[in-house]
Structures are given as structure tokens and as C-alpha cells.
Amino acid sequence: MKSDFSNQLTPSQRQAVFHGEGPLLVIAGPGSGKTRVITYRIAALVDAGISPHNICAITFTNKAAEEMRLRCAGLLGFSAPSRISTFHSLCVRILRQYSEQAKVNSNFTIFDAADQAKCIKQAINVCELDTTNFSPSRMLEAVSSLKNRLVNTDLMEQKASDFFSKVLAKIYTSYQNILSQANALDFDDLLMNTAFLLRDNPDVRTELGNRFKFLLIDEYQDTNHAQYQIAKQIASIHNNICATGDPDQSIYRWRGADIRNILAFEKDWPNATVVKLEENFRSTPNILTAADKLISNNSSRKLKVLIPTRPSGSDISISCCDSEQDEAAIVASQIKQLIDSGLSYRDIAVFYRINSASRVLEEVFIRNKIPYQIVRGVEFYSRREIRDLLAYLKILVNPADSLALLRIINTPARGIGKTTIDKIQSFASAHKISLYEALKLSDKIDSLSAGTKAKIKVFVTLLESFKKDINGPVAPLADRIFKDSGLAVDIKDSDELDNITELISAAAAYDQNAENPSLLDYLQQISLYTDADSYDASGDRVALMTLHCAKGLEFENVFIVGLEDGILPHERTAQEDDQIEEERRLFFVGMTRAKSRLFISFAQYRTIRGQLLRSIPSPFLYELGIDLLQTSRSEGLSFQDDDSIEKSIMPLFVPGQKVKHKTFGSGKVIEFVDMGENSIVVVKFNSGQTKSLMLKYANLSII
DNA sequence: GGACTCTTGGTTTTT
DNA sequence: CCAAGAGTCC
């Protein structure tokens, strides 16, 4: 078998694939065949006599895991599968298996963002605080960051010294209480609890270390502290850890990812072998050169070169558009040209910084009959009708999940309204029982009328009647609940019905394919599933997605839209240099997805929250080392040739010149980019902010 | 109890 | 601009 693929690999790839025991770090640039190396490494290990059961590979997304599983099965000839999954998925399985030591109930519900939002609001209320001063999203972010850094509530309460930390500790504790009452874990809990489980139980650590004798982790640059600890604990038993990643592609710092994990790998594993994969098999030199110029503006990085292996290709196209509608139309027409030249829609992707940017593209694509597919974050499972049906399933598995119960107690309407629910809730908290138990005991709640009690009884009987089927396949149960609960009658439009049908057929597929199918496992797995995982490359459609979603993918032709200051880099990141660097990496990731052609565009006006605002090209554009004016002209787009008027003002804005701006105050010119009428002045204001301003609109005065 | 209107506030990226 | 929540009316 070795000979089967060793000749398909470069020397450094071969070194990584056939590396035996001991820690291994693969620093791999974009398009270097990193995923392929991991896949082959698994095969090579099996070839060398390691049982597939003893291999654990961790990918960044479910989609990546699925693909790797398929490829491995191909290489290994469908022998027993290795454990290939995301960190979260792995943790769910570990927590279920060692629920006792981890101090959780194995039938826990996984709370998603919407559930979390409800819980944090409740927690803020319980603490008698105001959600205007302590905004739910901010507090949730803070709690999440604590968990990612493995700070539990006890530790936080000890450590909290200042006012904000004390408040946060209080909210954190009551948030955790609410979750534990519902027998629920959020995404971060999955990691934190697993990390603690491993830390506090040497037996479990040894057992898992022996089970997963080889641990491979992809996208190591985007692991957070909790994930880092989990990996370290498991691998500490045998040192057979293989991490792969690219510090230049770290784009999840905001989610707790700690780039230091990959930078410090050699310190953590002193005898580590380091393999660099610098050859790029994906993109043309034109694209790589520009991407390299861009990323070299980042100061905190491990120097790495991109070695092109492909022949030279087309220039990068940069389009200056009037508005976002104009931009979408230009993208559409460029796509049509590509199609006319014989390419397929499936070879084209459009990337944007923020999800909301997809709307105008969709509208224009529909008008122009361009088939497309939006690869979005979570969408499908957050649809109302889907959540309703899933809530029925959840309450069957985990009766403590009051959030699910509250969702369906009167959906479809069955005459159990707010007043009744309030009464049941106070009964439940008075007797320290769950909402569902209180429902069952509704006879004992004196304040309820006989009619209401009867309605509750019908509802409880309905749920109980579903319970006898929870050990069977999921799809028939879901179908039965949909019909018998009355949800089916409530369905208004055909889209909703389509979604339900899709859910049920997905459940049927689960019943068929899962290793150990059960309703509990199904619910826990789909909680980790996102629409990004549902990207289907088989359809002949243009893929639309955020730059974050684009990670790990590649396309012949890539469009990146909205290269404007405030969008990419996003204005919320404009404050700190390291955040700007992450935005730059994000753009770098987007660019390096392109194999043959790269189209970049920006609009001069953009409607933001209903307001038409003037926008300025992204400072990143000037870092690409491309003559913007020339490129744009060659595209025949809206750059104007007549720049004679502005030329005369130009020499005034040389670097170092002090200027004054109406809103930003005074500052110093750092850079002047001569683009005639569209010239840009980069000014560092005394406030500390650096802004790129369009000369003709900025109304700068010389001081 | 439920449907409707009005107001307010919030606006990045996702496992 | 949009979504969520409060408030109002039947």
C-alpha cells in the first residue's frame, strides 16, 4: 500500500505522512495539500499496523470530517473507521461515555445560540440587573470566553475583584444554574467539561490515551485553550500528537482561538518534528504573489513563503463599483462571461465579510438566472417550524429541558396560555421540580380551572404516547409527532412543509448511516451541525458564503466583494492592530481559495441599515501590490479617466502633512494613493485611529 | 388567550 | 433597516 501513494507526494509531504511515533507539527501554507497529508497519514498508520480504532483525527468542521472519513474509507478499503470528527463531536461522545465522572447526565441537551440568549437574559434578570447595562450578547461573550479559558464559576467567584468581574461572576453562576436545571450544556461547556474530566480523572485520561494512540488535529491555529488542554491531556499518555495548521490562516481569535497554541507547539512537545509544506498546488503565481504581499503586512507572524507550482494565470481583477447593486451586477456579468467561456457554475464562489451582504447578490442572481447556493451559519436548524418539531423530540429525551417544553406547550395552540404557564412555573419552583413534572402534577395546582387541567392532561398524554417510540428509528417518530401534535395543521406555506420534509429525510439518512443510532445521539449530533456543513458541491451552482465559511475550501474562480474600509476590515475591529491583522488573514484566506481567477470588488456607496453611505476602498487593497488604477481601467469599469482636476491638489497631501477633518479632528497623512478623482488619503488621527479617506469627499483641510 | 400594532434598540465572523 | 418585545385590543 505504501507504494500506492508515496510517489504521489512531495518529499516533505512524505516526511509528514510516514512520520512514525512522536510529536509532529505540520506548518502548511494554503493549497499545500495539508488535508491530503492527514488523510494519507491515517492510511499510512493503518498500513503500519495501527488499528483504525486507535486513531483519532480532529477537523475544524463537520463537513471536513465527513469528507475525510470518505477519503479514508476509500484509501483503507472500507475497513473499520477511525474516529474522525470535530472537537465538539468528540466531546459529546466522551461526556456521554464518562457521564458519571464528568458529573453530567448523559441525556443532556445541547443549547445553541438562541437557547443561550434566552438563558443569559434570564440569568441577568435573576441577578436583578438591567439588560441595557449588561447586554445579553456581551455577557454571553464574556461567559464564553471564561469557559474557553477553563475558568469555572467557582474560580471566577474567587478571582473576581472589580465591579464588572463580580457582576460577571454572578451572572455566570446563575447562567450555569439555569443550564444545569435544564440538564443542558452549551457549546463551550462541551469543551470545558471534557477538559476538566480529563484533568481530574487520571483513569479516564489513561483510558482515552490508550484508546486514541494517535491524535491528529487539523487547523491547530484555531484551537482555543480548552481544546488545547483536551488534546494535550489525551496525547500526554503517548506523545503521538500530530498538529497541522497555518498561523497565517488563524481567523477565530474572537471565538477564543489562541494562535499561541501552534506557535508554542515545539515548546510543549520538545522532541517534535516540524515539517513545513510551502509549495502551493492550488493557485496561480499571480494570486499567490498578491496574497503574499498582503500577508507580509502582518507583523506578528512566523515567516513562511508561498512557493507557486502552477503556471502563470490571469491577473487579479479589481472592480470599483458605484453601489452594492452595481457591484452585484458586475459580479453577475463577470460570472456570465466565465460561463460563456465554458466554465461551470460550481467552479465559482462569492465571498463576503458579513452575512447580510448575500441579499443583494441573491436578488441580482435571481434576476440574471444564475443558480446559486448560500452556505450559511446555522439557518436551517433555527427555522421556527424545525425548532418546534425538534423541541418535541428534545423533551422526550430530556424532560428537564424546560426551554423545549415552553416552546411547544402551546404550539400548536391548545389553550395553555401565559397565565397558566406562570402558575405551573411557580408551582414547579415552589416544589423544586421541573416544569414537565409540574405539568404531570397539574391536578394538584389549585389555581387552575378544571378546563385548563383537562387541556394539560391531553398534552401530557400526547407526549407520553410518543415516549414509547424513542428507542426506535428517528424519522418515523419525527413524522408521527409532526402529524399527531397538530404541527402539520399549523403549517402555512409550502416552504415550511419542505423544510419539515427535509428534516425528516435527513433523520432517515441518520437512521441508516449512524454508527449507533438513537434519538439522543441524533439530537446531540444535529445540535453541532450547521448549514456550512451542508454545502453541496455536486449541484451546478455558484457558492455564496462568508470568508469564515470559505476556510478549507477551494474554487477555480473566486469573487470577494465589499473590500471597503469598515467592512473588510470590519469597523468593529478597527481599534486594535492585532484585530486588523486577523482581518488581513481573513482576506488572505479568501484570496488563497482561488485556483485560477480572483475577482475583487468594492463599492463607492453602500446602504447600511437603510442609509446610503459613502464608502472608502479597503486599505488592504493597497497592500496587494497591484496598480489599482490600471487594473480597474483594463476591466472597463467605473473608474474615471478624467483625473486632471484633482491632480493639482495632490502634492499637498504628502505623508507627514498635518490635516484636519470635521469629525475625526486633526491628524497626520501617512499615505497618499493617487487614483485621480478617486484618490485616497490615509490619515492617522490624534485620537489614535487610522482612516483611509476618499479625497474628494473627506473635506480635509491643511493645517 | 391570541392576534395585532407600535416602539425600541442593535447592528461580524461560528463550533 | 430589521427583529424582538411590549403594549393594546378583541
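All chains are named by letter (A, B, ...) in the order of the sequence lines, taking the proteins before the strands, and each is independently numbered beginning at 1. Computed from a prediction, not measured in an experiment: that's the story for all the values here. Reckoned from all heavy atoms, side chains included, excluding hydrogens, waters and symmetry mates.
Stacking of the aromatic ring of A/Tyr252 onto the base of B/dT13 is not found under the criterion of centres within 5.5 Å and planes under 30°.
Rounded to whole Å, atom C1' of B/dT14 lies 10 Å from atom CG of A/Asn355. In this structure, the CZ atom of A/Phe111 is 17 Å from the C1' atom of B/dT15, given to the nearest Å. Atom-to-atom, CZ of A/Arg572 to C1' of B/dT11 comes out at 8 Å; the value is rounded to the nearest Å.
A cation-pi contact, defined as under 6.0 Å to the ring centre and within 45° of the axis, is absent between A/Arg584 and A/Phe587.
Between chain A and DNA chain C, the heavy-atom contact criterion of under 4.0 Å yields a 5' to 3' nucleotide range of C/dC1 to C/dG5.
Taking the six-membered ring wherever Trp is involved, the centroid distance between the rings of A/Tyr228 and A/Tyr220 does not fall below 6.0 Å.
Put simply, the side chain of A/Ser144 reaches to within 4.5 Å of the side chain of A/Asp188, judged on heavy atoms.
Under the rule for a ring pair (Phe, Tyr, Trp, His ring centres under 6.0 Å), A/Phe555 has no partner lying at least two apart in sequence or in another chain.
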* Determine, stepwise, if the pair A/Phe559 / A/Phe351 fulfils ring pair (Phe, Tyr, Trp, His ring centres under 6.0 Å). => CA-CA 6 Å; A/Phe559 290 81; A/Phe351 304 152; 9.7 Å; no

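Between A/Asn410 and B/dG2, a side-chain N or O to OP1/OP2 separation shorter than 4.0 Å is present. Close to B/dT14, at under 4.0 Å from its OP1 or OP2, lies a side-chain N or O of A/Thr546.
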